[in-house]
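All figures in this text were calculated on a predicted structure; none of them were measured in a lab. In each ligand, atom 1 is the first atom listed, and ligand 1 is the first ligand listed.
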Amino acid sequence: MKIGGSVALVTGANRGLGRAYARELVSRGAGKVYGAARNPAAVTEPGVTPIGLDITDAGRVAQVAQQCADVSLLVNNAGVLEYSTFIGAPGLDAARLEMETNYFGTLSMCRAFAPVLAANGGGAIVNMLSVTSFYTNPFNASYGASKAAAWSLTNGVRLELHHQGTLVVAVHASFIDTDMAALTSEPKDSPESVAQQVFDAVEAGQIEVLADERSRTVKAELSRDHELIYPPVQEFWDAAVKGAG
Ligand SMILES: NC(=O)c1ccc[n+]([C@@H]2O[C@H](COP(=O)([O-])OP(=O)(O)OC[C@H]3O[C@@H](n4cnc5c(N)ncnc54)[C@H](OP(=O)(O)O)[C@@H]3O)[C@@H](O)[C@H]2O)c1
């Protein structure tokens, strides 16, 4: 689909990658860009129309879909990372928050906007996933589970919406230079680079964006994950446990 003249809605548009998505859409000539955020006053990007939205609030999601009935490009960007292990975490709160936001919030947005996109000619959905959709890392284990679930939903939504001509794009990235990755000193993609790759893909009709070398390598190694992906992760985790002990 063409970005120029389209009407887009980006969740979590107040900061980080969501802000870069909104800016890139404006610079590519989108006719209107709704910047959705829990605090709409924090959406300050020029050319972006703020809208209040917590994606875990199903009633509000439904209202926004009615209010923004002109949307043809939905960017499900909002997400949370709690750096929570499966076994060592003190309880299930972090895992539930991640699943509620990253999986159920994204699902709820897809369900609410599917008829809107159909009415506007099909359009596109972009779901912001992660390299951790592909494998589990104990440092962010429950986040990875929520992103794996969101990957599965992305593939399913694509199949279900094929008949109405909706392009459904899965975006996988390793670290991106935003607040979410502030704790790590690993190499990071710039939000601008991810945003550019994503909207190039939307315009080219591509269903998947592997935004960096790590994402491309891990996806390519999936059929040999227990030989190639998990041994170094285990080694790193064991060293961390030993260091902490
Ligand atoms: N940064 C990375 O290394 C990285 C890598 C791969 C994928 N991702 C994914 O990229 C997306 C954007 O993350 P980011 O790096 O930009 O992180 P970020 O800087 O932490 O921003 C997260 C955004 O999501 C919003 N959000 C969280 N929960 C929400 C909810 N319930 N309803 C509405 N908005 C909500 C936040 O709003 P508030 O300001 O109100 O908290 C904020 O705008 C996420 O899906 C993340 O999982 C990030």
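- With sequence neighbours excluded, the residues forming a ring pair (Phe, Tyr, Trp, His ring centres under 6.0 Å) with Phe199 are Tyr21, listed by chain and number.
- In this model, no donor atom of one side chain and acceptor atom of the other lie less than 3.5 Å apart for Ser152 and Asn155.
- Evaluation of the side-chain hydrogen bond (donor to acceptor under 3.5 Å, both in side chains) test over residues 100-125, restricted to residues two or more places apart or in two chains, returns Asn102-Ser146.
- Within 4.0 Å of ligand 1, contacts by protein heavy atoms are made from Gly12, Asn14, Arg15, Gly16, Leu17, Arg38, Leu53, Asp54, Ile55, Thr56, Asn77, Ala78, Gly79, Val80, Thr101, Met128, Leu129, Tyr143, Lys147, Ala173, Ser174, Phe175, Ile176, Thr178, Asp179, Met180, Ala181.
- Judged by distance alone, the side chain of Lys147 and the main-chain N or O of Met128 form a donor-acceptor pair under 3.5 Å.
- Remark: Arg216 engages Glu213 in a salt bridge (Lys or Arg N to Asp or Glu O under 4.0 Å) (not counting sequence neighbours).
- A salt bridge between Arg60 and Asp54 is absent, with no side-chain N of the basic residue lying under 4.0 Å from a carboxylate O of the acidic one.
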